Protein chains: 2
Amino acid sequence: MRLVIARCSVDYTGRLNAHLPLATRLLVHKNDGSLLVHSDGGSYKPLNWMSPPCSLTREDPDEVDLEDGVIERWRVTHAKTGDALLVRIHEIMHDTAHDLGVDPGLIKDGVEADLQRLLAEQVSVVGENLTLVRREYPTAIGPVDLLLRNDDGPGTVAIEVKRRGDIDGVEQLTRYLELLNRDPLLAPVTGVFAAQEIKPQARVLATDRGIRCLTLDYDEMKGVQSGAPRLF
Amino acid sequence: MRLVIARCSVDYTGRLNAHLPLATRLLVHKNDGSLLVHSDGGSYKPLNWMSPPCSLTREDPDEVDLEDGVIERWRVTHAKTGDALLVRIHEIMHDTAHDLGVDPGLIKDGVEADLQRLLAEQVSVVGENLTLVRREYPTAIGPVDLLLRNDDGPGTVAIEVKRRGDIDGVEQLTRYLELLNRDPLLAPVTGVFAAQEIKPQARVLATDRGIRCLTLDYDEMKGVQSGAPRLF
DNA sequence: GCGTAGATTTCGGAT
DNA sequence: ATCCGAAGTCTACGC
């Protein structure tokens with residue numbers, strides 16, 4: 001990894017065109033050839049960048065660049081897509097290289113897959129007298145997150161699990177319900193939209209379509225699952 | 001901006017929990033308090049991070065940490081959400097600070113707004129004898145990108161413009177069409193799904209619903225708009 | 001390898 | 001301030 005602090009301007013041509021006027025920025029040139037251009041603010045997203053696989057070539061400035069005070073140009077190109085990033089460097093304040101080695105990577109807990117797993121283990125959260133048929137129940141238009149069977153009679157419950165529930169999730173569940181209700185072995189199929197947080201518009205649309213909304217408490221569900229009841 | 005290359009482990013607690021085992025990484029501490037943890041690969045997204053507003057506090061390691069070889073801890077917290085990032089530093093290979101100043105920011109060209117503007121100026125691309133009613137035509141469920149009027153008789157055309165057209169865009173347009181067709185002053189309203197690239201599944205769904213798909217060539221439309229015909 | 005769904009999405013505009 | 005949609009989204013997973 002090479003770290004450069006430089007006064008530079010940047011031009012990107014690819015899926016769109018973008019330009020960064022002359023300013024002092026951090027250039028991170030990673031081992032895989034990728035380049036990040038960061039300012040001293042904003043969030044984790046760089047101002048501009050090139051994703052791997054790509055390659056960086058150092059160029060001499062042309063006459064126009066020389067008049068502008070450019071001392072060096074970096075051209076970073078993605079061979080396949082034709083995307084190109086051109087960095088015109090006017091001054092280098094810092095330039096160091098470091099060997100970082102391979103990273104073991106991130107371990108996550110609490111994403112949608114975890115919510116789905118916990119809810120599958122605790123179907124009583126959805127309602128009484130329900131039994132899990134299966135997770136990721138396959139249909140022609142994609143898998144239904146959870147399918148439950150009514151113990152007391154005919155009928156099935158299809159659940160769409162989201163971390164954040166918005167209108168798209170309701171649309172998705174609606175498509176599943178329409179399809180599943182054509183199956184006489186499953187019908188009548190009712191829908192439950194389960195999420196840690198449900199947007200108002202999504203709630204309105206779901207209710208309008210007879211879909212029940214269920215807000216999930218991940219920490220509580222995780223506590224139950226771990227076998228550590230709150231009484232102790 | 002402070003740049004640190006360090007052997008460290010990282011734990012994040014917030015919207016989810018995440019852990020990074022001990023390895024050598026780049027730590028970027030920006031002027032706004034935010035912290036990025038980068039490896040020497042991957043893409044522009046850091047392995048872990050904390051977004052502003054947040055603040056970094058240096059802590060002394062506890063006894064367990066000392067046994068593990070931790071020389072220093074950084075705790076980065078987001079006061080409002082309670083998100084917290086804890087970096088356990090075992091060794092610092094590099095540590096420099098730099099004054100970058102404020103960045104003038106990125107100038108973009110070729111995003112959805114540009115497509116929409118160009119199509120509004122070139123409605124003949126959609127079909128003959130059509131006139132623009134307005135861009136961002138307001139409805140109760142959100143604005144329709146473009147609304148056109150049929151010059152030869154009754155009827156309206158509603159257009160959804162996307163850079164990349166996938167199934168969500170078709171759903172969105174379908175909702176608009178359903179609503180607009182209830183208005184006797186507009187009905188019958190037909191739909192056009194216009195995008196630089198239309199995914200096969202989206203095309204199938206649109207066609208099934210009687211929505212016409214239109215692939216847009218941004219460069220060509222830009223050329224026409226600039227008044228520089230290709231003959232010269 | 002392609003395509004789709006999720007993301008600690010981030011970012012910008014409009015209400 | 002909040003909500004909502006776009007993004008050069010990136011990334012993991014299923015086919």
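All figures in this text were calculated on a predicted structure; none of them were measured in a lab. Labels below follow one simple rule: chain letters A, B, ... track the order of the sequence lines, proteins then strands, and each chain is numbered from 1.
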- Message: Let's go through A/E171 and A/R209 carefully: what are the C-alpha distance in whole Å and the side-chain angles of both, what is the deciding distance for salt bridge (charged side-chain N to carboxylate O under 4.0 Å, His left out) to 0.1 Å, and is it a yes or a no?
- Response: CA-CA 10 Å; A/E171 294 285 9; A/R209 293 181 177 174; 3.2 Å; yes
- Start with the C-alpha gap between B/V144 and B/E136, add the side-chain angles, then the distance that decides, and say whether side chain to side chain contact (heavy atoms under 4.5 Å, CB included) holds. CA-CA 5 Å; B/V144 178; B/E136 302 289 347; over 6 Å; no
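Side-chain contact, B/Y12 with B/N17: no donor N or O sits under 3.5 Å from an acceptor N or O.
Rounded to whole angstrom, the span from the NZ atom of A/K199 across to the P atom of D/dT2 amounts to 13 Å. To the nearest angstrom, P of D/dA12 lies 9 Å from NZ of B/K45. Per the geometry, CD belonging to A/E171 stands 15 Å off C1' belonging to D/dC4, to the nearest Å. Between B/L106 atom CG and C/dT10 atom P the separation is 18 Å, expressed in whole Å. What separates CG of A/L205 from C1' of D/dC3 is a distance of 16 Å, to the nearest Å. A straight line from CG of B/D166 to C1' of C/dG3 spans 11 Å, rounded to a whole angstrom. Taking atom CZ on A/R135 and atom C1' on C/dA5, their separation rounds to 16 Å, with Å as the unit. The interatomic distance linking A/I198 (CD1) with D/dC3 (P) rounds to 15 Å, in whole Å.
With the nearest nucleotide of DNA chain D identified for both A/L85 and B/G42, A/L85 has the one nearer the 5' end. Nearest-nucleotide positions on DNA chain C for B/L47 and A/S43 put B/L47 closer to the 5' end. Between A/I167 and B/K108, the residue anchored nearer the 5' end of DNA chain D, judged by the nucleotide with its closest heavy atom, is A/I167. Both A/A113 and B/S51 sit near DNA chain C, but only A/A113 has its closest nucleotide nearer the 5' end.
Classification of A/D145 and A/K162 as a salt-bridged pair fails, no side-chain N sitting under 4.0 Å from a carboxylate O. Between B/R117 and B/D114 there is a salt bridge, since at least one side-chain N of the basic residue sits less than 4.0 Å from a carboxylate O of the acidic one.
Only A/Y12, A/R15, A/L16, listed by number, bring a heavy atom of residues 11-24 of chain A to less than 4.0 angstrom from any atom of DNA chain D.
When the nucleotides D/dC10, D/dA6, C/dG6 are ranked by their closest atom to the side chain of A/E112, C/dG6 comes out on top. Taking only side-chain atoms of B/Q172, from C-beta outward, the nucleotide of C/dG6, C/dA7, D/dA6 with the closest atom is D/dA6. The side chain of B/E160 approaches D/dA6 more closely than any other nucleotide in the set C/dG6, C/dT4, D/dA6.
Contact annotation: the side chain of A/R164 never approaches that of A/Q196 to less than 4.5 Å [non-hydrogen atoms, C-beta and beyond]. Inter-residue side-chain proximity for A/Y44 and B/V37 is flagged as unmet; no heavy-atom pair is nearer than 4.5 Å.
The aromatic rings of B/H29 and B/W74 are tilted relative to each other, their planes meeting at an angle between 30° and 60°.
Residue B/K162 places at least one side-chain N or O closer than 4.0 Å to OP1 or OP2 of D/dA6.
Counting non-hydrogen atoms under 4.0 angstrom, A/M50 reaches a base of the nucleic acid. At a threshold of 4.0 angstrom between heavy atoms, the contacts of A/T81 with the nucleic acid are absent.
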